[in-house]
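What follows is one structure encoded as structure tokens, with my remarks underneath.
Naming convention: chains lettered A, B, ... in sequence-line order (proteins, then strands); numbering from 1 in each chain. Worth saying up front: this structure is predicted, and the values here are computed from it rather than measured.
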2 protein chains.
Amino acid sequence: MKKTASVAAFPAPGHDHDRCATDAIAHAESLCVARAQRLTPIRRRVLEALLATHKPLGAYEIIERMGGKAAERPAPITIYRALEFLRENGLVHRIESRNAFIACIHKHASGDPVVFLLCERCGAVGEAASASIAETLKSASRAAGFTPKTPVIEIAGICSHCREG
Amino acid sequence: MKKTASVAAFPAPGHDHDRCATDAIAHAESLCVARAQRLTPIRRRVLEALLATHKPLGAYEIIERMGGKAAERPAPITIYRALEFLRENGLVHRIESRNAFIACIHKHASGDPVVFLLCERCGAVGEAASASIAETLKSASRAAGFTPKTPVIEIAGICSHCREG
DNA sequence: AAATATATGTTGCACTGCAACAAAAAGAGC
DNA sequence: GCTCTTTTTGTTGCAGTGCAACATATATTT
Ligand SMILES: [Zn+2]
Ligand SMILES: [Zn+2]
Ligand SMILES: [Zn+2]
Ligand SMILES: [Zn+2]
């Protein structure tokens, strides 16, 4: 009984996260090259800050984690601009129910509907892409005479590692 | 082919909105009586302000719409406390992707998953309750080892009235 | 009436998100 | 190289969100 590709990963506590982050950066670089987009140092540092954890981070938290002396830290607007760029390129998601951001560690097409699983205990966020959910939602909204764009789906709960551990 | 009850209404521009609001207030009153909860004047005014429109309102917008002279207007914290009460009793929803609030004009059980349809043109918000969506989401999150609570589902798009009109 | 619980007012602050303009850096054409 | 143009980043400032902590008022209970 193999897992389907449609249901995806909640990050396991013991996973190889260095690899996880390195891969994501590599993917971001190649994607930006392919699109002739510029992954500038600031944008890269914001992405790296987000990739350091699987928890969603707010703007100030990102600033703190970008390191450097307090005086050298970028202003919030700089972070938001970088986040805008990263989101446009599908490298970062916004978690609406938290007013926070998280790096995408998948390679789904931008505009793809994604289900976010937010663990209330450990704070980690998993992504589950499901074609069936997308279809159900689209047909339901069309039944209401609605022309849908990308849905926002966020589910709070308890992840398996927190429940069992 | 009749419409199923599972797919619900986007508020039509010409609907009897006085009735719409009056009914909701009446429902709120009876519900609060039944639960021995106190629908105080402030809580009622906040609910009425939200019921005046089917667009989600932020805290400051609610304050403005509550009327009275500027000096007499309640502080934001007062609004948030009223909203907390109203949300706990299922009378108001928070639209996460907008940091705003909307009165519930349905009578679904609290904890019921609701799909919000956000029209990007007219700003109105419809609610669509769908058991099938709830089931699909639950099974998908369980497949990821996740114990879900109430999901947040918000779909931006264009409503039928804006598209056809 | 007094004690208790609930609700509202007051003050203050941390954080979100972005507009408007200024300066710097990168890229393109000569 | 050097100028022109576009893109990116810095600076200042502001409207809005959301709530903590404490004071006061109002309702409920005994
Ligand atoms: Zn990881
Ligand atoms: Zn967890
Ligand atoms: Zn109405
Ligand atoms: Zn519309």
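For the pair Leu39(A) CG and dA25(C) P, the computed distance is 19 Å after rounding to whole Å. When the C1' atom of dC15(C) is taken as reference, atom CD1 of Ile77(B) falls 15 Å away, rounded to whole Å. Per the geometry, CD belonging to Gln37(A) stands 13 Å off P belonging to dG27(C), to the nearest Å. Distance CZ (Arg73(B)) to C1' (dT10(C)): 18 Å, rounded to an integer number of Å. Per the geometry, OH belonging to Tyr60(A) stands 7 Å off P belonging to dT16(C), to the nearest Å. If you measure from atom CD of Glu88(B) to atom P of dT6(C), you get 13 Å, rounded to the nearest angstrom.
Hydrophobic cluster membership differs between Ile95(A) and Leu50(A), with clusters built from Ile, Leu, Val, Met, Phe, Trp and Tyr side chains linked at under 4.5 angstrom.
Using a 4.0 Å cut-off between charged nitrogen and carboxylate oxygen, Glu29(A) and Arg44(A) count as a salt-bridge pair.
Protein chain B contacts DNA chain D over a range whose 5' and 3' limits, counting nucleotides with an atom under 4.0 angstrom from a non-hydrogen atom, are dG16(D) to dA27(D).
Heavy atoms only, all atoms of each residue included: Val125(B) and Pro56(B) are closest at CG2-CD, 3.4 Å.
Along DNA chain C, the nucleotide nearest to Ala75(B) and the one nearest to Asn99(B) differ in position, and the one closer to the 5' end is contacted by Ala75(B). DNA chain C is contacted by both Arg38(B) and Ala100(A); Arg38(B) maps to the nucleotide lying nearer its 5′ end (nearest heavy atom per residue).
Here the CG atom belonging to Leu137(A) is positioned 9.5 Å from the OG atom belonging to Ser132(A), to the nearest 0.5 angstrom.
Pairs engaging residues 132-155 of chain A under the salt bridge (Lys or Arg N to Asp or Glu O under 4.0 Å) rule: Lys149(A)-Glu120(B) [sequence neighbours left out].
Within 4.0 Å of Phe101(B), counting heavy atoms only, lie sugar-phosphate atoms of the nucleic acid but no base atom. Using a 4.0 Å heavy-atom distance criterion, Arg81(A) is classed as a base contact. In this structure, Arg98(B) reaches neither bases nor backbone, as no heavy-atom distance under 4.0 Å exists between it and the strands shown.
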I'd like a table of donor-acceptor pairs (distance under 3.5 Å, sequence neighbours excluded) in which one partner is a side-chain atom from residues 77-86 of chain A, with atom names and distances.
none

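Checked against dT6(C), dG17(C), dA26(C), the side chain of Tyr80(A) finds its nearest nucleotide in dG17(C).
Ring-plane geometry between His161(B) and Phe10(B) is classed as tilted, the angle between the planes lying from 30 to 60 degrees on a 0 to 90 degree scale.
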